[in-house]
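I have placed the structure first, in the form of structure tokens, so that the comments after it can refer back to it.
Computed from a predicted model, the values in this text were never measured in an experiment.
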Amino acid sequence: MADTDGPYPLAEPGLWVKRVGSRVFPANAPALFLDRDGTINVDTGYPDDPAKMALRDGIVPVIAAANRSGIPVVIVTNQSGIARGYFGWKEFAAVNGRVLELLADGNAFVDMVLACAYHDAGSGPLAVADHPMRKPNPGMLIEAQKRLYLDLKRSLIVGDKPADMEAGQRAGLSRGWLVDGEGSKEPGFEVLPLRGADDLDGLVGAIEALARI
Ligand SMILES: [Mg+2]
């Protein structure tokens, strides 16, 4: 059952928003948005055990590039496992803390974490269909924009699902990288594939280019 005990940073019952660290960013900075499961860590399917968390290859240099470039790093993660009653915020906190710890071991740091627990398969206050905070809706990205004064148009998103790309597009971003996916291009939004070392280099280059504008 959904655990709502404890001092969790819940902006509302199904929305976790936590500023991590104390690095300060100028207004109108672009952000690097990242999905978590399947993008930063290997997706184990509704992960609830910190001991089982492992990072995906190649993600540490991407986040480190944003850190070096002064670009805020923001995790935006759907966590319907909470609405579904598979685990609670306590387990989310433990798993997420472990992911941040593994990144820090590689000198890669996240500046804000947003997690959405809403899903229509849930019960109680979390049982909301198509909640504006749940990707593919853009609510978490817009919430981060309000808190960090981001320039969404220049921001980038990396995810492993089309819903991640759609959330980015609907938030007004112009580019996203799809893990193990296909590239595509529409007016105003381009999806780039993230499959191998060359794609990772391209993403790092795009992050570094943002810092030079
Ligand atoms: Mg994912």
Side-chain angles (χ1 to χ4, degrees), residues 9 11 15-41 53 55-77 96-116 133 135 138-160 164-165 167-179 183 188-194 196-213:
L15 180 67
W16 169 294
V17 185
K18 185 169 185 182
R19 182 75 160 89
V20 183
S22 56
R23 297 189 311 146
V24 176
F25 301 95
N28 298 314
L32 174 65
F33 288 103
L34 296 144
D35 168 56
R36 198 192 71 185
D37 302 332
T39 300
I40 296 177
N41 54 277
M53 303 312 288
L55 298 182
R56 293 188 69 261
D57 289 341
I59 199 63
V60 161
V62 169
I63 294 175
N67 295 157
R68 255 194 336 269
S69 304
I71 291 168
V73 177
V74 180
I75 293 179
V76 285
T77 174
N96 202 65
R98 180 62 181 150
V99 171
L100 298 187
E101 186 178 74
L102 290 168
L103 289 173
D105 288 347
N107 278 317
F109 301 94
V110 169
D111 299 293
M112 183 171 278
V113 178
L114 296 96
C116 174
M133 291 295 168
K135 296 175 290 182
M140 287 194 283
L141 287 78
I142 291 166
E143 185 66 24
Q145 190 279 331
K146 289 179 186 161
R147 291 174 183 245
L148 294 171
Y149 310 104
L150 303 170
D151 179 346
L152 287 173
K153 190 167 173 52
R154 290 195 299 135
S155 297
L156 311 176
I157 187 163
V158 184
D160 70 321
D164 298 314
M165 302 298 103
Q169 181 172 21
R170 290 170 59 191
L173 280 56
S174 9
R175 281 178 295 172
W177 275 258
L178 185 55
V179 173
F189 193 80
E190 182 174 15
V191 176
L192 296 111
L194 195 57
D198 287 352
D199 296 334
L200 283 163
D201 288 348
L203 173 54
V204 166
I207 292 166
E208 290 171 344
L210 282 177
R212 293 196 292 268
I213 294 172

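- Under the rule for a salt bridge (charged side-chain N to carboxylate O under 4.0 Å, His left out), the partners of Glu101 that lie at least two apart in sequence or sit in another chain are Arg98.
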Do any side-chain atoms of residues 60-73 form donor-acceptor pairs under 3.5 angstrom with protein atoms, and if so which ones, sequence neighbours left out?
unit_1: Asn67; atom_1: OD1; unit_2: Phe109; atom_2: N; d: 2.8
unit_1: Asn67; atom_1: ND2; unit_2: Phe109; atom_2: O; d: 2.9
unit_1: Arg68; atom_1: NH2; unit_2: Glu208; atom_2: OE2; d: 2.7
unit_1: Ser69; atom_1: OG; unit_2: Ala65; atom_2: O; d: 2.7

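- What you find for Ser155 and Leu173 is that their closest heavy atoms are O-CG, 3.4 Å.
- Legend: residues meeting side-chain hydrogen bond (donor to acceptor under 3.5 Å, both in side chains) with Gln145, ordered by chain and number and at least two apart, are absent.
- The side-chain hydrogen bond (donor to acceptor under 3.5 Å, both in side chains) search around Thr39 returns Asp35, not counting sequence neighbours.
- Residues that satisfy the salt bridge (charged side-chain N to carboxylate O under 4.0 Å, His left out) test with Asp151, not counting sequence neighbours, are Arg154.
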- [ ] Kindly determine whether Asp164 and Leu178 satisfy side chain to side chain contact (heavy atoms under 4.5 Å, CB included), including the steps that lead there.
- [x] CA-CA 8 Å; Asp164 298 314; Leu178 185 55; 5.6 Å; no

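- Looking at residues two or more places apart in sequence or on another chain, you find a side-chain contact (heavy atoms from CB on, under 4.5 Å) between Leu192 and Arg175, Trp177, Glu190.
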TODO: Decide side chain to side chain contact (heavy atoms under 4.5 Å, CB included) for Leu55 and Asp105; before the verdict, give the C-alpha distance in whole Å, the side-chain angles of both, and the deciding distance to 0.1 Å.
DONE: CA-CA 11 Å; Leu55 298 182; Asp105 288 347; over 6 Å; no

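- The CD1 atom of Ile59 sits 7.0 Å away from atom CG of Leu194, with the distance rounded to the nearest 0.5 Å.
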TODO: Might you work through the side chain to side chain contact (heavy atoms under 4.5 Å, CB included) test for Met165 and Phe189, ending with a clear yes or no?
DONE: CA-CA 9 Å; Met165 302 298 103; Phe189 193 80; 4.2 Å; yes

Task: Val158 vs Leu156, side chain to side chain contact (heavy atoms under 4.5 Å, CB included): CA-CA, chis, key distance, verdict - done: CA-CA 7 Å; Val158 184; Leu156 311 176; 5.7 Å; no

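- Residues that satisfy the salt bridge (charged side-chain N to carboxylate O under 4.0 Å, His left out) test with Arg19, not counting sequence neighbours, are absent from this structure.
- Within the structure, salt bridge (charged side-chain N to carboxylate O under 4.0 Å, His left out) pairs that include any residue of residues 197-207 do not occur (at least two apart or interchain).
- With sequence neighbours excluded, the residues forming a salt bridge (charged side-chain N to carboxylate O under 4.0 Å, His left out) with Asp111 are Arg23, listed by chain and number.
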